[in-house]
Amino acid sequence: MVGNMISEALHKVGRRGVVTIENGKCTENSLEIVEGMQFDRGYLSPYFVNNRRKMTVELHNCKLLLVDKKITNPKELINILNNSAKEKYPIVIVAEGIEQEALAPNTVENFQKKILNERIARLSGGIAILQVGAQTQVELKDKQLRIEDALNATKAAIEEGVVVGGGCSLLRLSQKVDGIKKLLDNEEQKIGAEIFRRALSYPARMIAKNAGVNGNVVIDKVLSDDNMNFGYNAARDCYEDLMKAGIMDPAKVVRCCIEHAASVAKAFLTSNAVVIERKELEPIPRIKPMATSITKGLGPIGF
């Protein structure tokens with residue numbers, strides 16, 4: 001359901017389109033497409049409001065003035081405003097910024113400067129609004145976070161493509177490390193390469209463990225097949241083509257995970273000292289022996 005909504009939203013607004021997530025007014029999720037352009041910020045002063053019930057500024061058949069700089073002096077706009085008042089037409093001024101001194105005599109809508117690609121997207125592709133519905137505030141927050149994660153993953157996949165999920169892409173990359181180790185100069189570098197190789201196989205091993213199966217068995221089974229898409233589906237407890245099953249990861253996410261993990265490891269290696277929180281192990285309580293009676297001909301039975 002959520003995946004179909006995100007797919008439909010991105011198809012309608014395009015690759016450079018804007019997709020936002022908002023609170024819905026009902027218990028079901030819905031999708032709304034807003035044509036045209038929308039700014040992240042609105043009027044700067046409540047004195048601009050002309051619809052008190054909705055607390056909005058509504059202007060019809062207005063003229064639009066775009067200013068590519070900060071407005072600091074009201075004199076710069078005197079002629080334009082005088083002409084607007086004389087001919088009795090509303091005017092909306094969109095500027096990069098405005099100083100308080102210039103705010104009083106003007107009716108201005110302000111927005112923060114955006115990158116060029118986003119401006120093109122807003123003007124041409126429109127905006128898709130995913131309205132999240134839920135029965136409780138806790139459920140709403142959880143659904144919003146899930147949809148936000150799914151949306152970010154989809155955008156990352158559009159940028160750099162996808163790879164096989166389930167930790168299988170990293171697992172197969174670990175097989176390439178042995179060839180790299182042969183090219184290394186000293187033993188310390190080879191130890192580092194071995195640590196890296198083990199780390200690449202850890203996600204697949206952990207997924208198997210969480211599914212209640214032996215990680216070593218899963219890894220051996222996956223690597224025994226030359227099909228790059230072959231892997232373990234933990235949800236269905238079976239081995240299959242993960243791409244066809246829809247189990248995939250954005251390549252950008254996988255790449256960033258490796259880069260960030262390597263960066264953290266480098267920081268640890270170059271640090272003189274590291275502060276960690278030590279977890280005290282709680283002693284396992286011993287089971288007291290059950291009291292038993294002494295039978296004739298037998299000694300007491302204990303543990």
Side-chain angles (χ1 to χ4, degrees), residues 115 145-146 148-284:
I115 58 174
L145 292 175
R146 290 176 181 272
E148 184 178 351
D149 289 343
L151 178 60
N152 290 335
T154 305
K155 290 180 177 179
I158 292 174
E159 290 183 21
E160 298 186 14
V162 295
V163 295
V164 182
C168 292
S169 60
L170 295 176
L171 180 61
R172 295 188 185 277
L173 281 176
S174 67
Q175 294 183 298
K176 305 294 183 182
V177 176
D178 288 336
I180 298 175
K181 286 170 64 176
K182 298 177 182 178
L183 305 176
L184 299 178
D185 298 331
N186 55 60
E187 195 63 28
E188 289 185 354
Q189 292 178 343
K190 293 180 180 180
I191 293 174
E194 179 60 24
I195 294 173
F196 185 65
R197 185 187 68 80
R198 294 181 183 178
L200 290 175
S201 64
Y202 188 79
R205 192 184 306 276
M206 183 55 64
I207 290 173
K209 181 181 179 181
N210 291 339
V213 296
N214 191 308
N216 293 329
V217 174
V218 170
I219 288 175
D220 291 341
K221 178 73 173 179
V222 172
L223 295 180
S224 65
D225 196 301
D226 294 332
N227 182 4
M228 300 297 292
N229 296 338
F230 180 79
Y232 176 64
N233 186 342
R236 298 176 55 187
D237 191 23
C238 66
Y239 297 90
E240 59 180 334
D241 189 314
L242 297 184
M243 281 297 202
K244 290 183 179 179
I247 301 174
M248 58 190 75
D249 294 325
K252 182 178 180 179
V253 173
V254 177
R255 174 179 61 79
C256 290
C257 285
I258 296 176
E259 291 177 353
H260 294 167
S263 177
V264 172
K266 180 181 178 182
F268 267 78
L269 291 173
T270 56
S271 300
N272 292 327
V274 177
V275 179
I276 63 171
E277 183 179 355
R278 183 177 178 180
K279 185 177 180 180
E280 297 292 340
L281 298 177
E282 297 181 0
I284 301 175

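- Between Ala234 and Ala211, the shortest heavy-atom contact is CB-CB, 3.9 Å.
- Separating the CG atom in Leu171 from the CG atom in Leu223 is a distance of 4.0 Å, to the nearest 0.5 Å.
- Going from atom OG of Ser169 over to atom CE of Met228 covers 8.5 Å, rounded to the nearest 0.5 Å.
- Ala193 and Val177 make their closest contact through O-CG1, 3.3 Å (heavy atoms, listed as atom of the first residue, atom of the second, distance).
- Separating the CG atom in Leu200 from the CD1 atom in Ile195 is a distance of 12.0 Å, to the nearest 0.5 Å.
- Pairing each heavy atom of Ala204 with each of Gly167, the nearest pair is CB-O, 4.0 Å.
- Val253 has its side chain out of reach of Asn152: every pair of non-hydrogen atoms, C-beta onward, lies at least 4.5 Å apart.
- Contacts of Arg255 classified as salt bridge (Lys or Arg N to Asp or Glu O under 4.0 Å), with partners at least two apart in sequence or in another chain: Glu160, Glu259.
- Looking at heavy atoms from C-beta onward, Val222 lies out of side-chain contact with Ile219 at the 4.5 angstrom threshold.
- Separating the CG atom in Asn214 from the CZ atom in Arg205 is a distance of 8.5 Å, to the nearest 0.5 Å.
- The two residues Pro203 and Ala199 have their closest heavy-atom pair at CD-O, 3.3 Å.
- Among all heavy-atom pairs drawn from Met248 and Val162, the shortest one is SD-CG2, 3.9 Å.
- Lys221 contributes atom NZ, which lies 15.5 Å from atom CG of Asn216 (distance to the nearest 0.5 angstrom).
- In this structure the side chain of Leu242 never reaches within 4.5 angstrom of the side chain of Asn229, judged on heavy atoms.
- Counting only heavy atoms from C-beta outward, the side chains of Asp220 and Ser224 never approach each other to under 4.5 Å.
- Closest approach of Asn233 and Ala245 over heavy atoms only: ND2-CB, 4.4 Å.
- Taking the side chain as every heavy atom from C-beta outward, Val164 and Ile247 never approach each other to under 4.5 Å.
- Remark: Tyr239 OH is packed, more than 12 non-hydrogen atoms of other residues, nucleotides or ligands lying under 6.0 Å away.
- Looking only at side-chain heavy atoms (C-beta outward), Val213 and Tyr232 come within less than 4.5 Å of each other.
- With sequence neighbours excluded, the residues that form a salt bridge (Lys or Arg N to Asp or Glu O under 4.0 Å) with Lys181 are Glu194.
- The local environment of CE in Met206 is crowded, with over 12 non-hydrogen atoms from other residues, nucleotides or ligands closer than 6.0 Å.
- Atom-to-atom distance recorded for Lys176:NZ and Arg197:CZ is 14.5 Å, nearest 0.5 angstrom.
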